[in-house]
Amino acid sequence: MSDTSLAGDLRRRIIAGEFAPGERLSEAALAARLDVSRNTLREAFRALAQHGLVEHVPHRGVSVASPTTADVVDIYRARRQIECGVLRDASPLHPGVAAMRQEVERAEAAVEQGDWATVGTANMAFHRALVSLCDSPRLERAHEQLSAELRLAFLAIADFESLHRPFVTRNRAVLDALVDEGPEAAAAELERYLTESERRILGAYARLGRA
């Protein structure tokens with residue numbers, strides 16, 4: 001397995017919650033488990049560290065990153081710049097709008113089943129589809145990185161229902177505003193949405209005593 005493909009595999013595992021935020025990743029054990037050389041694993045770790053998903057701790061090795069309060073604030077600052085900016089220039093006729101609608105409907109169906117993991121996945125996909133409205137691969141890559149780091153914050157809180165339930169209806173409101181009222185209304189709705197989402201995460205961090 002190449003360094004690049006291994007880094008991609010580990011990234012997917014981390015985002016899926018297979019490794020918890022703050023968990024130490026034993027180089028020897030993980031290399032044996034994945035049947036790769038330790039040198040290849042080290043290169044993958046370096047790639048993941050550049051994207052904020054793992055941390056090299058002196059004398060302790062590599063651990064899954066655990067976003068701090070300051071990290072969360074910065075992630076949301078960047079999300080507002082990207083997502084609200086994309087919406088202000090978006091066309092309701094863009095093909096990505098259909099993908100947004102599909103993810104809203106998937107989340108709504110999952111709520112009925114109490115399937116909060118699917119709700120969370122659909123929420124991430126909704127925002128990914130939203131950013132696709134800009135037709136900019138570079139902005140999409142930047143947003144994908146933010147989403148991966150935010151996922152670690154969600155995993156650290158580990159209460160998916162309280163995190164995701166309120167925003168199923170908010171996703172629907174953003175979509176409806178874009179289609180019925182236009183880009184500026186949708187961007188304003190999303191600005192309020194992201195502010196509330198940030199406050200919820202920071203509140204959960206405070207209750208958990210996280211810095």
J.: How long is the straight-line distance from CG of Leu155 back to CD1 of Ile15, given to the nearest 0.5 Å?
T.: 9.0 Å
J.: Report the distance from atom CD of Glu144 to atom CG of Leu139, rounding to the nearest 0.5 Å.
T.: 13.0 Å
J.: Using side-chain heavy atoms (C-beta onward) and a distance below 4.5 Å, is Val131 in contact with Cys134?
T.: yes
J.: Calculate, to the nearest 0.5 Å, the distance between atoms CG and CZ belonging to Leu6 and Arg11 respectively.
T.: 14.0 Å
J.: So which atom in Ala78 and which in Leu146 form the shortest heavy-atom distance, rounded to 0.1 Å?
T.: CB-CD1, 3.6 Å
J.: Looking only at heavy atoms, what is the nearest atom pair of Leu41 and Ala31, with distance?
T.: CD2-N, 3.7 Å
J.: Quick one: do Glu27 and Arg42 satisfy salt bridge (Lys or Arg N to Asp or Glu O under 4.0 Å)? Show the steps, please.
T.: CA-CA 8 Å; Glu27 186 179 288; Arg42 288 186 196 117; 2.8 Å; yes
J.: Can you measure from CD1 (Ile14) to CG (Leu48) and round to the nearest 0.5 angstrom?
T.: 5.0 Å
J.: Could you report the tightest heavy-atom contact between Gly96 and Ala129, atom names first, then the distance?
T.: O-CB, 4.0 Å
J.: Ignoring hydrogens and angles, state whether a donor on the side chain of Ser66 or Arg210 is under 3.5 Å from an acceptor on the partner side chain.
T.: yes
J.: Got Pro183 and Leu87 here, is their nearest side-chain heavy-atom distance under 4.5 Å?
T.: no
J.: Determine the minimum heavy-atom distance between Ala142 and Ile82, stating which atoms define it.
T.: CB-CD1, 4.2 Å
J.: With a 4.5 Å heavy-atom cut-off, do Arg172 and Arg101 have their side chains touching?
T.: yes
J.: Which heavy atom of Val97 sits nearest a heavy atom of Ser91, and at what distance?
T.: CG2-O, 3.8 Å
J.: Please determine if Arg80 and Glu191 form a salt bridge, counting it only when a charged side-chain N lies under 4.0 Å from a carboxylate O.
T.: yes
J.: Same hydrophobic cluster for Val57 and Val62, using side-chain heavy-atom links shorter than 4.5 Å among ILVMFWY?
T.: no
J.: Flag the pair Glu18 and Arg33 as a salt bridge only when some basic side-chain nitrogen lies within less than 4.0 angstrom of an acidic carboxylate oxygen.
T.: yes
J.: Is the closest side-chain heavy-atom distance between Cys84 and Leu194 below 4.5 Å?
T.: yes
J.: Look only at the side chain of Gln102 and the backbone of Ala99, and say whether a donor-acceptor pair between them is shorter than 3.5 Å.
T.: no
J.: Determine, stepwise, if the pair Arg170 / Glu196 fulfils salt bridge (Lys or Arg N to Asp or Glu O under 4.0 Å).
T.: CA-CA 10 Å; Arg170 300 301 293 265; Glu196 181 181 345; 2.3 Å; yes
J.: For residues Arg165 and Trp116, determine if any side-chain heavy atom of one lies less than 4.5 Å from a side-chain heavy atom of the other.
T.: yes
J.: Consider only side-chain N and O atoms of Thr118 and Thr121, and report whether a donor and an acceptor are under 3.5 Å apart.
T.: no
J.: Could you go through Leu130 and Leu178, starting from their C-alpha distance and side-chain angles, then the distance that decides it, and tell me whether this counts as side chain to side chain contact (heavy atoms under 4.5 Å, CB included)?
T.: CA-CA 11 Å; Leu130 185 158; Leu178 176 61; over 6 Å; no
J.: Are Val119 and Phe167 close enough, and set up right, to give a side chain to side chain contact (heavy atoms under 4.5 Å, CB included), and what steps lead you there?
T.: CA-CA 10 Å; Val119 172; Phe167 300 105; over 6 Å; no
J.: Does a side-chain heavy-atom distance below 4.5 Å link Thr195 with Tyr76?
T.: no
J.: Tell me, with the steps shown, if Thr69 and Leu202 meet side chain to side chain contact (heavy atoms under 4.5 Å, CB included).
T.: CA-CA 7 Å; Thr69 294; Leu202 294 177; 3.6 Å; yes
J.: Are the aromatic rings of Tyr193 and His127 close, with centres under 6.0 Å apart?
T.: yes
J.: Nearest 0.5 Å, what's the CG-NE2 distance between Asp89 and His94?
T.: 12.0 Å
J.: Would you indicate whether Arg13, at its atom CZ, is surrounded by more than 12 heavy atoms from other residues, nucleotides or ligands within a distance under 6.0 Å?
T.: yes
J.: Is it true that a side-chain atom of Arg24 and a backbone atom of Arg60 form a donor plus acceptor pair closer than 3.5 Å?
T.: yes
J.: Would a 4.5 Å heavy-atom cut-off, applied to side chains only, mark Phe19 and Leu152 as touching?
T.: no
J.: Exactly one of Arg138, Glu83, Arg79 should register a side chain to side chain donor-acceptor pair (under 3.5 Å) with His143. Which one does?
T.: Glu83
J.: Can you check side chain to side chain contact (heavy atoms under 4.5 Å, CB included) on Ile157 and Ser162, steps first, answer last?
T.: CA-CA 10 Å; Ile157 296 169; Ser162 68; 5.5 Å; no
J.: Is the shortest distance from a Lys or Arg side-chain nitrogen in Arg192 or Glu189 to a carboxylate oxygen in the other one below 4.0 Å?
T.: yes
J.: Are Ile201 and Met124 grouped together when hydrophobic residues (ILVMFWY) are joined by side-chain heavy atoms under 4.5 angstrom apart?
T.: no
J.: Going through the checks in order, is the salt bridge (Lys or Arg N to Asp or Glu O under 4.0 Å) test met by Glu103 and Arg106?
T.: CA-CA 5 Å; Glu103 296 305 334; Arg106 179 158 72 116; 2.8 Å; yes
J.: Between Glu43 and Arg46, is there a side-chain N and carboxylate O pair less than 4.0 Å apart?
T.: yes
J.: Kindly compute the distance separating CG (Asn171) from CG (Leu190), expressed to the nearest 0.5 Å.
T.: 9.0 Å
J.: Can you give me the closest heavy-atom contact between Arg151 and Phe160, atom names plus distance?
T.: NH1-CZ, 4.2 Å
J.: For the residue pair Thr68 and Tyr205, establish whether any side-chain heavy-atom pair is separated by less than 4.5 Å.
T.: no
